[in-house]
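A short worksheet on the structure shown next.
Below, chain A is the first sequence line, B the second, and so on; all start at residue 1.
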Amino acid sequence: MKIATYNVNGVNGRLQVLLRWLEEARPDIVCLQELKAPQENFPIAAIRAAGYGAIWHGQKSWNGVAILARGTDPQETRRGLPGDPDDAHSRYIEAAVKGILIGCLYLPNGNPAPGPKFEYKLRWFERITAHAAELLASGAPVVLAGDYNVMPTELDVHKPERWLDDALFRPEVREAFRHLVAQGWTDALRELHPGERIYTFWDYFRNAYARDAGLRIDHLLLSPSIAGRLRGANVDRPVRGWEKTSDHAPTWIDLGTSGADVGQFRSRTTGRSRSGE
DNA sequence: ATGACTCACTACGTGAGA
């Protein structure tokens with residue numbers, strides 16, 4: 001079971017890239033962010049033709065999130081993050097898919113910091129943390145996947161010293177991410193690749209992808225009830241090199257059928273897990 | 001310190017992204 005998160009940076013402008021990646025990587029579940037499309041302009045026909053059911057929450061020009069499921073329709077459980085009825089941004093959608101509760105999130109960027117946008121980011125972090133605690137308390141198998149707009153540690157950023165005052169790396173934001181994870185979540189990529197430099201985003205500027213001047217800001221957090229099924233996790237880096245591509249690359253995990261047979265499954269799935277690169 | 005790039009929009013500049 002392959003679950004991916006992908007900030008597409010415009011789902012219509014990026015449709016050919018998205019469809020090619022879906023066909024090559026064949027993820028079972030996909031969380032998309034930055035649709036940059038109003039509700040009625042989501043390319044549902046093309047996504048259905050590719051074999052995926054979908055739910056989405058659009059918004060004109062900015063934001064927008066979606067959950068795709070291969071061969072089935074996600075069963076929506078929530079649209080919008082609780083805690084602020086005045087928040088009009090489309091940044092959270094949640095669904096039950098294939099026995100897993102999937103939260104798809106697009107956390108605010110927060111720049112410039114300090115300022116109202118940074119305050120909004122910190123408040124949004126408090127709200128997702130409160131909601132995440134409720135999800136954990138339910139005991140359900142949960143994956144919280146998306147663009148968190150946070151580099152959790154210095155290992156997750158090409159030149160940490162240049163990002164110290166940035167809203168993606170300021171101490172308050174890293175602390176907020178630590179606080180969230182400390183509830184009991186597993187940062188899947190870091191769990192399987194401790195100490196390794198892994199990026200999920202490369203700026204369009206300054207030839208950043210060719211120089212590998214990236215950031216790790218797209219994350220998949222696993223609840224304890226599903227963390228034992230983690231078999232693989234990685235980034236489909238080559239997608240970032242395609243024509244007309246997003247500045248993010250698809251980031252994914254591979255889950256086994258249960259947590260009881262780790263060794264048996266790891267040896268069987270490793271090759272398949274890496275075939276998408 | 002700045003800008004480089006890319007997107008969408010009552011567009012031929014602007015705001016936002018990270």
**Q.** Whole-angstrom distance between dA16(B) and dA11(B), as gauged at atom C1'
**A.** 15 Å
Q) Can a side chain N or O of N7(A) be found less than 4.0 Å away from OP1 or OP2 on dA18(B)? A) yes
Q) Any side-chain donor paired with an acceptor under 3.5 Å for N7(A) and D218(A)? A) no
Q | Nucleotide dG17(B), atom C1' - distance to CZ of F118(A) in whole Å | A | 16 Å
Q) For E23(A), does the CD atom have more than 12 heavy-atom neighbours from other residues, nucleotides or ligands under 6.0 Å away? A) no
(Q) In whole Å, I'd like the distance from the CG atom of L107(A) to the C1' atom of dA16(B). (A) 16 Å
Q. Whole Å only: how far is the OH atom of Y120(A) from the C1' atom of dG17(B)?
A. 14 Å
Q. What integer number of Å spans the P atoms of dC9(B) and dA4(B)?
A. 24 Å
Q. Reckon N111(A) has a side-chain N or O less than 4.0 Å from the OP1 or OP2 of dA18(B)?
A. no
Q) How would you label the contact of Y106(A) with the nucleic acid (heavy atoms, under 4.0 Å): base, sugar-phosphate, or nothing? A) sugar-phosphate
Q.
I need the minimum non-hydrogen distance between K98(A) and R70(A), along with the two atoms involved.
A. NZ-O, 2.7 Å
Q) Quantified in whole Å, what is the P atom distance between nucleotide dT14(B) and nucleotide dG3(B)? A) 14 Å
Q. Could you give the CZ-to-C1' distance, from R216(A) to dA18(B), as a whole number of Å?
A. 16 Å
Q) What is the nucleic acid contact for D218(A), judged by heavy atoms within less than 4.0 Å: base, sugar-phosphate only, or nothing? A) nothing
Q: Provide the distance between the two P atoms, one in dC5(B) and one in dT10(B), to the nearest whole Å.
A: 26 Å
Q) Which value, in whole Å, describes the distance between the P atoms of nucleotides dA18(B) and dA8(B)? A) 14 Å
Q) Less than 4.0 Å between a side-chain N and a carboxylate O, is that true for E126(A) and R123(A)? A) no
Q | Pairs touching residues 128-162 of chain A that satisfy ring-ring contact (aromatic ring centres under 6.0 Å, His included), sequence neighbours left out | A | Y92(A)-H131(A), Y148(A)-F177(A), Y148(A)-H219(A)
Q: Indicate, with yes or no, if the rings of W163(A) and F169(A) have centres closer together than 6.0 Å.
A: no
Q: Write down the distance between OH (Y209(A)) and P (dA18(B)), rounded to a whole number of angstrom.
A: 19 Å
Q: Name the nucleic acid region contacted by N207(A), choosing base, sugar-phosphate or nothing; use a 4.0 angstrom heavy-atom cut-off, strictly under.
A: nothing
Q) Tell me, for nucleotides 5-15 of chain B in 5' to 3' order, what letter each nucleotide earns: B for a base near a protein heavy atom under 4.0 Å, S for only sugar-phosphate near one, - for neither? A) BSBSSS----B
Q: Please state how far atom CG in L215(A) lies from atom P in dA18(B), giving the value in whole angstrom units.
A: 10 Å
Q. Has H248(A) got a side-chain N or O lying under 4.0 Å from the OP1 or OP2 atom of dG17(B)?
A. no
Q. Between R211(A) and D203(A), is there a side-chain N and carboxylate O pair less than 4.0 Å apart?
A. no
